[in-house]
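Beneath this line is the structure, given in structure tokens, with notes to follow.
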Protein chains: 2
Amino acid sequence: MQNLSSMHNITEHHNHQRCIDDAMTRAKALCHSRQVKFTRIREQVLACVWANHQPVGAYTILEELAKDSSRRPAPPTVYRALDFLLDNGLVHRIASLNAFIGCQDPSHQHQGHFLICRQCRNATELDTDIINTAINTAAKQHGFSVEVPCVEVVGCCAHCKENRDND
Amino acid sequence: MQNLSSMHNITEHHNHQRCIDDAMTRAKALCHSRQVKFTRIREQVLACVWANHQPVGAYTILEELAKDSSRRPAPPTVYRALDFLLDNGLVHRIASLNAFIGCQDPSHQHQGHFLICRQCRNATELDTDIINTAINTAAKQHGFSVEVPCVEVVGCCAHCKENRDND
DNA sequence: AAATAAAATGTTATAATATTGCATTTGCAC
DNA sequence: GTGCAAATGCAATATTATAACATTTTATTT
Ligand SMILES: [Zn+2]
Ligand SMILES: [Zn+2]
Ligand SMILES: [Zn+2]
Ligand SMILES: [Zn+2]
């Protein structure tokens with residue numbers, strides 16, 4: 001996976017319904033092939049996560065589920081669904097935001113790198129080898145074996161920079 | 001700052017009292033030069049953070065302060081001190097652990113990169129340009145301006161790997 | 001089909017981390 | 001000393017996450 005997130009610039013207009021549809025289709029297929037259950041709740045939670053490209057908190061998901069359903073689910077319901085989705089690589093957790101975002105390519109396990117716009121809050125997942133290589137090189141100098149690299153870069157995305165200039 | 005953390009391997013035996021003394025001396029000097037106050041509480045909190053090389057949680061610090069003093073401080077006391085120390089670059093926050101660690105080189109503002117051993121919990125701060133360069137290169141490809149790069153790598157340190165081999 | 005086991009969800013309570021708002025104290029300029 | 005700003009004390013609460021156990025659903029065995 002080299003250029004998945006550059007297929008389109010999520011900060012510009014794009015057919016987001018397609019993002020959602022693709023993500024749900026992928027998830028369904030992947031769970032089927034792995035013989036794990038893509039239950040209603042898990043599906044609902046994944047849909048919430050894919051509502052947009054901004055990382056979403058567990059309690060926000062809870063609110064959304066409460067709207068859809070007649071009765072309000074409890075936190076464990078959401079966290080269990082999120083754990084399932086995390087285990088299956090369908091979502092990533094953004095530690096610095098205590099929030100979750102849909103994975104662009106769940107077909108292989110990975111910990112993505114994220115560019116998070118301070119202004120529009122959109123997060124873009126990268127998986128350019130260049131960052132992993134740099135981390136591995138630096139770690140190796142210290143005799144350190146990398147298991148889970150976590151890279152969460154806050155800054156300003158191209159779209160927001162443009163808008164700011166236009167003001 | 002290129003090789004600060006390679007001065008010694010913190011996972012091996014080292015004169016940690018010297019780490020503490022150096023950190024406190026640096027902090028005192030730095031606050032004096034910046035004309036900000038290194039109050040008793042801030043000093044106590046920084047000392048707690050430097051008790052070892054493992055990131056420490058705010059409520060653990062709270063416990064330590066409670067031991068020292070007759071009366072138990074409230075959370076805001078600790079968080080305010082931590083905010084001060086963060087603002088002045090004397091400590092870093094490890095988002096993935098909700099914990100804090102002393103900065104190896106507070107003289108210039110930076111967001112360090114951390115190698116966190118899953119076994120011994122020690123965290124080593126890097127600031128090798130190689131990682132920053134990689135992040136900037138990847139970000140640039142997306143027109144993204146980096147403001148705060150957050151790199152927290154979990155894995156196994158050299159010392160723990162050695163010990164494991166010896167078992 | 002009935003019995004059994006395993007997985008998923010419901011429910012209540014609570015833990016862990018962090019912040020808000022306001023009162024009080026401290027240190028310093030005047 | 002008076003006045004002001006910064007720092008701290010303090011109570012309450014917000015936010016994120018998990019533990020423990022009951023119930024329901026789904027799959028497997030008989
Ligand atoms: Zn989209
Ligand atoms: Zn991903
Ligand atoms: Zn040390
Ligand atoms: Zn540092």
Side-chain angles (χ1 to χ4, degrees), chain A residues 27-28 31-32 34-49 54-66 68-88 90-101 116 121 150 152, chain B residues 27-28 31-32 34-49 54-88 90-101 121 150 152:
Chain A
K28 221 164 287 185
C31 288
H32 185 258
R34 289 187 190 159
Q35 310 222 46
V36 294
K37 277 170 258 181
F38 194 51
T39 64
R40 174 121 184 78
I41 289 176
R42 291 167 181 174
E43 189 176 346
Q44 285 179 298
V45 169
L46 186 61
C48 283
V49 166
Q54 301 167 1
V56 61
Y59 279 75
T60 302
I61 295 171
L62 203 56
E63 295 303 313
E64 292 303 312
L65 293 194
D68 290 1
S69 161
S70 54
R71 69 157 160 269
R72 177 188 211 74
T77 298
V78 170
Y79 280 102
R80 282 192 286 230
L82 285 170
D83 284 344
F84 171 87
L85 297 172
L86 286 167
D87 286 347
N88 284 280
L90 293 163
V91 305
H92 293 290
R93 182 167 188 274
I94 311 286
S96 59
L97 299 175
N98 294 325
F100 303 84
I101 190 167
I116 303 160
R121 303 280 173 194
C150 166
E152 300 171 4
Chain B
K28 221 163 288 185
C31 287
H32 185 258
R34 290 187 189 159
Q35 310 222 48
V36 295
K37 279 170 255 181
F38 194 52
T39 64
R40 174 123 183 76
I41 289 176
R42 291 166 181 174
E43 189 176 346
Q44 285 179 298
V45 170
L46 186 62
C48 283
V49 166
Q54 302 168 358
V56 60
Y59 279 74
T60 302
I61 296 171
L62 202 57
E63 295 303 312
E64 292 305 312
L65 293 195
K67 284 180 196 166
D68 290 2
S69 160
S70 54
R71 69 157 160 270
R72 175 187 212 75
T77 299
V78 170
Y79 280 103
R80 281 191 288 231
L82 286 170
D83 285 344
F84 172 88
L85 297 172
L86 285 168
D87 286 347
N88 284 280
L90 292 163
V91 306
H92 292 290
R93 181 166 191 274
I94 312 286
S96 59
L97 298 176
N98 294 325
F100 303 84
I101 189 166
R121 303 280 172 191
C150 166
E152 301 172 4

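Residue numbers begin at 1 in each chain, while the letters A, B, ... track the order of the sequences.
- You'll find the side chain of A:Thr39 stays beyond 4.5 Å of the side chain of A:Phe84, heavy atoms only.
- Remark: A:Ile41 CD1 to A:Ile61 CD1 distance equals 12.5 Å, nearest 0.5 Å.
- Per the geometry, CG belonging to A:Asn88 stands 14 Å off P belonging to C:dA7, to the nearest Å.
- Ion pairing between B:Glu64 and B:Lys67 holds under the 4.0 Å rule for side-chain N and carboxylate O.
- Using a 4.0 Å heavy-atom cutoff across all strands shown, B:Pro73 reaches no nucleic acid atom at all.
- Using a 5.5 Å limit on the distance between ring centres and a 30° limit on the angle between planes, the aromatic ring of B:Tyr79 does not count as stacked on the six-membered base ring of C:dT19.
- Here B:Arg42 reaches the OP1 or OP2 of D:dA7: one of its side-chain N or O atoms lies under 4.0 Å away.
- Closest-nucleotide positions on DNA chain C for B:Ala99 and B:Lys37 were compared, and the one nearer the 5' end corresponds to B:Ala99.
- One finds a side-chain N or O of B:Arg71 lying less than 4.0 angstrom from the OP1 or OP2 phosphate oxygen of D:dC10.
- Summarising the local packing, CZ of A:Arg40 is surrounded by 12 or fewer heavy atoms from other residues, nucleotides or ligands at distances under 6.0 Å.
- Across the protein-nucleic acid pair, A:Ile41 atom CD1 and C:dA7 atom P stand 17 Å apart, rounded to whole Å.
- For the pair A:Arg80 CZ and C:dA6 P, the interatomic distance rounds to 19 Å; values are reported in whole Å.
- At whole-Å resolution of the value, CG in B:Leu62 and P in D:dG9 are 11 Å apart.
- Between the C1' atom of C:dA8 and the CG atom of A:Leu85 lies a distance of 14 Å, rounded to the nearest Å.
- For the pair B:Pro76 and B:Leu97, nearest-nucleotide mapping onto DNA chain C gives the more 5' position to B:Leu97.
- Distance from the side chain of B:Phe100 is smallest to C:dA18 among C:dT11, D:dA17, C:dA18.
- Atom CD in B:Glu63 sits roughly 13 Å away from atom C1' in C:dA15 (whole-Å rounding).
- Rounded to whole Å, atom C1' of D:dA7 lies 15 Å from atom CG of B:Leu82.
- By the 5.5 Å and 30° criteria, B:Tyr59 is stacked with the base of C:dT17.
- In terms of phosphate contacts, B:Asn98 brings a side-chain nitrogen or oxygen within less than 4.0 Å of OP1 or OP2 of C:dA18.
- Dense packing is recorded around CZ of A:Arg34, with more than 12 heavy atoms of other residues, nucleotides or ligands lying under 6.0 Å away.
- For C:dT11, the OP1/OP2 oxygens have no side-chain nitrogen or oxygen of A:Thr77 closer than 4.0 Å.
- Protein atom CD of A:Glu43 is 12 Å distant from nucleotide atom P of C:dT9, rounded to whole Å.
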